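Since the model is a prediction, treat every value here as computed from it, not as a measurement. Convention: sequence-line order gives letters A, B, ...; per-chain numbering from 1.
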Number of protein chains: 2
Amino acid sequence: MTKSNQSIEEKIENLKQRCQELGMRITTQRIEIFKEVASSCEHPDAETVYERVKKRLPNISFDTVYRTLSSLEEMNMIFRVDSLLPKARFDADRRTHIHFLCIKCGEVYDIFPKDGYEIKIPDNSKDFGEIKDINLQVRGICNKCRH
Amino acid sequence: MTKSNQSIEEKIENLKQRCQELGMRITTQRIEIFKEVASSCEHPDAETVYERVKKRLPNISFDTVYRTLSSLEEMNMIFRVDSLLPKARFDADRRTHIHFLCIKCGEVYDIFPKDGYEIKIPDNSKDFGEIKDINLQVRGICNKCRH
DNA sequence: TTTCTTATTAAGAATTATTCTTATTAAATA
DNA sequence: TATTTAATAAGAATAATTCTTAATAAGAAA
């Protein structure tokens, strides 16, 4: 994760550029799906993305949403936040932050640490393969679920 | 996660004790399912646990495996390692360690850090709820998938 | 021990999330 | 503008998980 804080427009420009670099077509669906994840701070799941994009592109298919979310993930434009439910959630915020994951309701909250905070990983981590990303979760019962 | 390194027998004794404390019955299925996760270091998924326990308890049902894995998780006896696939994997090792998660094949590797290593979380993490566990993942392409 | 209560289980149906198949469409290039 | 082919829509298929119901067995009580 980086520290840049861009506007949606900048993020979309960035996506278009990455598509061109990779020889991928810039399609309306790809842009709209990315825009939906990038403009939400609530880590939507595939179904939520589908419902929302459908309002602007009524013919969009579920398959396109899944396929596009996966390709955006491979491009490193979005991050798959694994919930404990059998249902993936997505995040387009690539700034350093960690997730509070409620083990009761499955909700995911962003925790933005103070400047200077850094996630340290063991030195031997790279012995297992090529590191692409780091994901730190704090799991517990969220305030809402505690009443 | 704690630092204790117990034998399987001790872990099972511990489970029985926890069951009694919580007023839960000590059933053969519960013990065998836990034993399977606790004696494996490969983070088995529900199906794998089912296949293995089935050898000793041929009548065990899939539902019992799922239900029991969830209750063991709630009891904090096992940990749900979320893989990126829509398939949960489980870990009964409660010592401090982190996971290397291959984004290509879904394999999960344990990384045991040197003494003194500690996962630091932001101070405001507890503002979101009651913290039960911390999960640090390193995601990338494992050596096997890089050829 | 035997009986009783009820948590737990087996079986299999149902549901939910995700992926696949095929024909069609449209982005990028010539 | 025509051509090529990556990307898409539709909906069927699959895979993981959960639910429903009747039967079983763990632990408490007699």
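Across the interface with DNA chain D, nearest-nucleotide mapping of B:I26 and B:R67 shows B:R67 to be the residue nearer the 5′ end. Each of B:R25 and A:D45 has a nearest nucleotide on DNA chain C; the 5'-most of these lies closest to B:R25. Toward the 5' end of DNA chain D, the nearer of the two residues B:Q20 and A:P58, judged by each one's closest nucleotide, is A:P58.
Spacing between atom CD of B:E51 and atom P of D:dA15 amounts to 14 Å, rounded to whole angstrom units. With rounding to whole Å, B:I31 atom CD1 is found 11 Å from D:dA26 atom P. One can place CZ of A:F62 at 18 Å from C1' of C:dT21, the figure rounded to the nearest angstrom. The CG-P distance, from A:L69 to C:dA17, rounds to 14 Å in whole Å. Distance, B:L57 CG to C:dA11 P: 12 Å, rounded to whole Å. Atom-to-atom, CG of A:L84 to P of C:dA17 comes out at 15 Å; the value is rounded to the nearest Å. Here C:dA10 presents its C1' atom at 10 Å from OH of B:Y50, a figure rounded to the nearest Å. One atom, CG of B:N59, and another, C1' of D:dA22, lie 16 Å apart when rounded to the nearest Å.
For B:T64 and C:dT8, the shortest distance from a side-chain N or O to OP1 or OP2 is not below 4.0 Å. OP1 or OP2 of D:dA9 sits under 4.0 Å from a side-chain N or O of A:Q29.
B:V37 places none of its side-chain heavy atoms less than 4.5 Å from the side chain of B:M77.
Put simply, the residue from A:K132, A:R89, A:R80 that forms a salt bridge (Lys or Arg N to Asp or Glu O under 4.0 Å) with A:E73 is A:R80.
Closest to the side chain of B:T27, out of D:dT8, C:dA10, C:dT9, is C:dT9. In the set C:dA27, C:dA10, D:dA9, the nucleotide with an atom closest to the side chain of B:I60 is C:dA10. Among the nucleotides D:dA9, D:dT18, C:dT8, the one closest to any side-chain atom of B:Y66 is D:dT18. Closest to the B:D63 side chain, of the nucleotides D:dG27, C:dA10, D:dT8, is C:dA10. Ranking D:dA7, C:dA17, D:dA16 by closeness to the A:E47 side chain, first place goes to C:dA17.
Formation of a donor-acceptor pair under 3.5 Å by the A:R139 side chain with backbone atoms of B:N135 is not found in this model.
Side-chain contact check for B:R18 and B:N76: no donor-acceptor pair (N or O, by modelled atom type) lies under 3.5 Å.
B:H99 and B:H97 have perpendicular rings, their planes meeting at more than 60° on a 0 to 90° scale where under 30° would count as parallel.
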